[in-house]
Amino acid sequence: MILVYFILLVFLQLSSNSAANENVENYVGSDMPKSDVDLVEFPLNLEYLEAEFFLWGSLGYGLDKFTPELADSGPPPIGAQITKLSPLIRDVITQFGFKEVGHLRAIKDTIIGFPRLLLNLTRESFATVTDDAFGHPLKPPFDAYANDINYLLASYAIPYVGLTGYVGSNPKIQTSTAKRLVAGLLGAESGQDAILRALLYERGREKVEPYGITVAEFTN
């Protein structure tokens, strides 16, 4: 399931990252070597995705309303919507969204970065990768925005992808500025991962309706 959601990360990002890599202005005024800038810049892809998914899921709006300057005039996400969440889960996801705004700001305060890319956050996209995970279509199609359990399942591996990416990039970073930034982002992503795992663990024996599959089986 982790691998599938890594594919989800790539799948949801419809715009090519190559355009961002061609933006030589990202290196102007930075005391980092280009290799460090690249390693700090690449996670913007995930941070944009997390910010939009969590803000829309909990509040019903994203960066364009909350902090439009961070979107940098990039295209709005496709299909993002508010989720039918319980008060507790809504508050948790809202806090996640606020944290992602902080992550974007921290990265863009360090390097110039690039505008938000076009993200496909439609329920159909999540349904497609869930079908791929199971090896057959679920009927009815999985709806990430339907309820607490579905949304937590859709969120499950996004921070995990982030934290493993930061772990992998850290040994390659040369400057102390970049190392401090990545260490802070790694800690925050790890915290989110732990919270999502705990929330799913306590619901492990509950059925994901209408499939009759437990949460534990869904995340196996």
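Everything quoted here is computed from the prediction, not taken from an experiment.
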Any side-chain heavy atom of [X] within less than 4.5 Å of one from [Y]?
{"X": "M32", "Y": "T110", "result": "yes"}
{"X": "Y48", "Y": "L104", "result": "yes"}
{"X": "F42", "Y": "L39", "result": "no"}
{"X": "L185", "Y": "P43", "result": "no"}
{"X": "P141", "Y": "R123", "result": "no"}
{"X": "Q192", "Y": "E50", "result": "yes"}
{"X": "E41", "Y": "F114", "result": "yes"}
{"X": "E100", "Y": "E189", "result": "yes"}

L55 and V101: side chain to side chain contact (heavy atoms under 4.5 Å, CB included), yes or no, with the steps?
CA-CA 9 Å; L55 288 174; V101 170; 4.0 Å; yes
Kindly indicate, with the supporting measurements, whether the criterion side chain to side chain contact (heavy atoms under 4.5 Å, CB included) is fulfilled by V40 and L181.
CA-CA 8 Å; V40 169; L181 174 61; 3.4 Å; yes
With rounding to the nearest 0.5 Å, note down the distance linking [atom1] in [X] to [atom2] in [Y].
{"X": "L46", "Y": "I158", "atom1": "CG", "atom2": "CD1", "value": "7.5 Å"}
{"X": "D72", "Y": "L63", "atom1": "CG", "atom2": "CG", "value": "11.0 Å"}
{"X": "T83", "Y": "F53", "atom1": "OG1", "atom2": "CZ", "value": "6.5 Å"}
{"X": "D36", "Y": "T175", "atom1": "CG", "atom2": "OG1", "value": "4.0 Å"}
{"X": "K179", "Y": "T177", "atom1": "NZ", "atom2": "OG1", "value": "11.5 Å"}
{"X": "I107", "Y": "I112", "atom1": "CD1", "atom2": "CD1", "value": "14.0 Å"}

Give me the atom names and distance for the closest heavy-atom approach of [X] to [Y].
{"X": "D143", "Y": "N150", "result": "O-ND2, 2.8 Å"}
{"X": "G74", "Y": "R116", "result": "O-NH2, 2.6 Å"}
{"X": "D193", "Y": "P159", "result": "N-CB, 3.9 Å"}
{"X": "S58", "Y": "L85", "result": "CA-CD1, 4.3 Å"}
{"X": "V92", "Y": "I195", "result": "CG1-CG2, 4.0 Å"}
{"X": "T122", "Y": "G79", "result": "CG2-CA, 3.6 Å"}

State yes or no: do [X] and [Y] share one hydrophobic cluster built from I, L, V, M, F, W and Y residues joined by side-chain heavy-atom distances below 4.5 Å, directly or via other members?
{"X": "W56", "Y": "I78", "answer": "no"}
{"X": "I93", "Y": "Y201", "answer": "no"}
{"X": "I82", "Y": "Y61", "answer": "no"}

Quick check on the 6.0 Å ring-centre criterion: do F218 and F142 meet it?
yes
Between F98 and F54, does the ring centroid distance fall short of 6.0 Å?
no
Do E69 and K108 sit within salt-bridge range, that is, some charged N less than 4.0 Å from a carboxylate O?
no
K172 and S35: CA distance, side-chain angles, deciding distance, side chain to side chain contact (heavy atoms under 4.5 Å, CB included) verdict:
CA-CA 8 Å; K172 302 175 183 178; S35 59; over 6 Å; no
According to side chain to side chain donor-acceptor pair (under 3.5 Å), does anything in residues 202-214 pair up with another residue at least two apart or in another chain? List the pairs.
T214-E217
Can you tell me if S125 uses its side chain to pair, donor with acceptor, with the backbone of L121 under 3.5 Å?
no
